[in-house]
2 protein chains.
Amino acid sequence: MSDFASTEQRLAVTCRRYPDFPRRPGVLVRLIKHIHMLLNDEANALLKPYGVNHPEYNLLMMLYGSASGTMSPSELADATGEKSANITRLTNELTDQGLISRNASADDRRKVELSLTPKGLALIESFLPDICGLLVRQGRHLAVAEQVQLEKLLKKFLSGLAD
Amino acid sequence: MSDFASTEQRLAVTCRRYPDFPRRPGVLVRLIKHIHMLLNDEANALLKPYGVNHPEYNLLMMLYGSASGTMSPSELADATGEKSANITRLTNELTDQGLISRNASADDRRKVELSLTPKGLALIESFLPDICGLLVRQGRHLAVAEQVQLEKLLKKFLSGLAD
DNA sequence: TATATATATTTTATAAATGTATTATCTGAA
DNA sequence: TTCAGATAATACATTTATAAAATATATATA
C-alpha cells in the first residue's frame, strides 16, 4: 500500500457503481487505516533493535504513563485495546525478560499488580530518544496549528464512534 | 479502551517524566490507533451476519472498486496492506465460498486474476446499504466542511510517513 | 450466613497473520 | 540463445491473537 491515489481511484469507481456510497467518510476510514499501518510499521522497525515489538512497547509505555506506577492486566487490556488473554501472554514475556514484575494485590486477591522493573525503566529511557525523534519526524509536515486542528477533528470524529 | 481521557492522562504523566516527549504527535498517533480499532470493531460487528470478516470485506471491496474488475493477488496485497501469504489464505476462503473466482492470466502465466462472481457481487450489494449507513453514522459528528478539512490534514500527515 | 452473581486472571484450543522457502515464469544482459 | 536475477504465487512452519472455559475471589441479597 504505497500511495493513496489508487485508493481514491477505487473509491471513485465504487461511487460510480453505487451512487449512495458516502465518499467522504469512506475516504476518512481508509486514510485512518492506511496511516495506522504505516505508523505501526515504522514503530516496529525502530523498536526491533531494542528487543521489543509494538504491543510490548505499548504495554511498557502504559505503565510508564500510569500515575501510580502499577496497573492490573485488565487495566492494561483496556488501555491498549488488547484482549486479556493476550495481555497474559505479553506480560509473561516481559516478565521473563525481567522488564516488568508481577505482584499480588493486597486489597483484592483476584488482581495482579504489574509494574516496571529498573531494567524495564532503563529500556524505556534507552529507546525514548529514538521514539521522540520518530514522533517529531512523523508530524513534521504539519504546522503546530495544524496538529492542534487535526487533534480536534479526530476527537470529534471519535465522539461519533461507539456510542 | 473506552474513553480517550485516560490516554491523555497517561500522556501527561509521560511528558512530566520525560519532558522531551512530543505530546502533540503522540496524541495524534494514539488517537489514530484508538479510532482505527473502533472502526474495525464496528465494521466487524456489522459484517458478521453476512458471513465475512473485515479483511474479507476489504478484499471484496477492492475488487468492486477496480476499474477492470480483476486484480492479481499482489495488487490486492498492495491495496489492502495484507501480506501476500495472507492474501492466498483469504482468497482461498472467498473462493471456497463462491464469492470470487481465480483464473490464470493470459499474458503472464505467473499471475492469477481474481474477480467477483455474481454471488460475490450480490453479497456486496446486500451489505452495502448497511455499510453506507454505518459510514454516514460514523461521520455524523463532523460537518461536511470539517470532513473536508480532516481529509486534507490526514493526507498531509500521511505525506510525512514512509518517505 | 448461605447462595447467586459478578469480576479478574489464566488456561486451553483455535484461528489468523507472518516469515521463509519453493516453484514457476518472466526479463534483460552477456 | 542462455543464464542470472527479478517477480508472482503458494506451501509450510512459527508466531501472534482470539474465543471459550476454568479457577479463584469478591460482592450483593435473601
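Side chains are part of it too, since the values below use all heavy atoms of this structure and drop only hydrogens, waters and symmetry mates. Per chain, numbering begins at 1; letters A, B, ... match sequence-line order. Remember, predicted model here, so these are calculated numbers, not experimental data.
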message: Please check: side-chain N/O of B:R109 versus main-chain N/O of B:A104, any donor-acceptor pairing under 3.5 Å?
response: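 No; judged by distance alone, with no hydrogens or angles, the pair does not exist.
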- prompt: Going by atom types alone, do B:R30 and A:N58 pair a side-chain donor with an acceptor below 3.5 Å?
  reply: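 No, because no side-chain N or O of B:R30 sits under 3.5 Å from a partner of the opposite role on A:N58.
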field: Under 3.5 Å side-chain donor-acceptor pair for A:R89 and A:N92
entry: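 A:N92 and A:R89 do not have a side-chain donor-acceptor pair below 3.5 Å.
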task: Using both distances under 3.5 Å as the test, list the Watson-Crick or G-U wobble partner of D:dA30, or none.
output: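 Answer to the pairing question: C:dT1, which forms a Watson-Crick or G-U pair with D:dA30.
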field: Heavy-atom side-chain contact between A:L154 and A:I32 under 4.5 Å
entry: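 Of all side-chain heavy-atom pairs linking A:I32 with A:L154, at least one is under 4.5 Å.
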- prompt: So do the side chains of A:P73 and A:T88 get within less than 4.5 Å of each other, counting heavy atoms only?
  reply: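 With C-beta onward as the side chain, the pair stays apart.
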[X] [atom1] - [N] [atom2] separation (whole Å):
| X | N | atom1 | atom2 | result |
| --- | --- | --- | --- | --- |
| A:M71 | C:dT9 | CE | C1' | 15 Å |
| A:N103 | C:dT9 | CG | C1' | 15 Å |
| B:E75 | D:dT7 | CD | P | 15 Å |
| A:N92 | C:dT12 | CG | P | 12 Å |
| B:D41 | D:dA17 | CG | P | 15 Å |
| A:R102 | C:dT9 | CZ | P | 10 Å |
| B:N44 | D:dT18 | CG | P | 10 Å |
| A:K111 | C:dA6 | NZ | P | 18 Å |

N/O to N/O distances under 3.5 Å, protein versus nucleotides 16-22 of chain C:
residue, atom, partner, partner atom, Å
C:dA17, OP2, B:R89, NH2, 2.1

message: I need the B:M71 CE to B:M62 CE distance, nearest 0.5 Å.
response: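 CE of B:M62 is found 7.5 Å from CE of B:M71.
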field: Atom pair CZ (A:F157) and CG (B:L38), whose distance is rounded to the nearest 0.5 Å
entry: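 Result: 10.0 Å between the selected atoms.
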Report each atom pair, protein N/O against N/O of nucleotides 25-27 of chain C, whose distance is under 3.5 angstrom.
residue, atom, partner, partner atom, Å
C:dT25, O2, B:R110, NH1, 3.3
C:dC26, OP1, B:R109, N, 3.0

query: Between A:L11 and A:V13, is there a shared hydrophobic cluster once you connect ILVMFWY residues whose side-chain heavy atoms come closer than 4.5 Å?
result: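 In one cluster with A:L11: A:V13, no.
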All N/O donor-acceptor pairs, side-chain side in residues 43-54 of chain A, below 3.5 Å, sequence neighbours left out:
residue, atom, partner, partner atom, Å
A:N44, OD1, A:H54, N, 3.0
A:Y50, OH, A:D130, OD2, 2.8
A:N53, OD1, A:E56, N, 3.0
A:H54, ND1, A:N40, OD1, 2.5

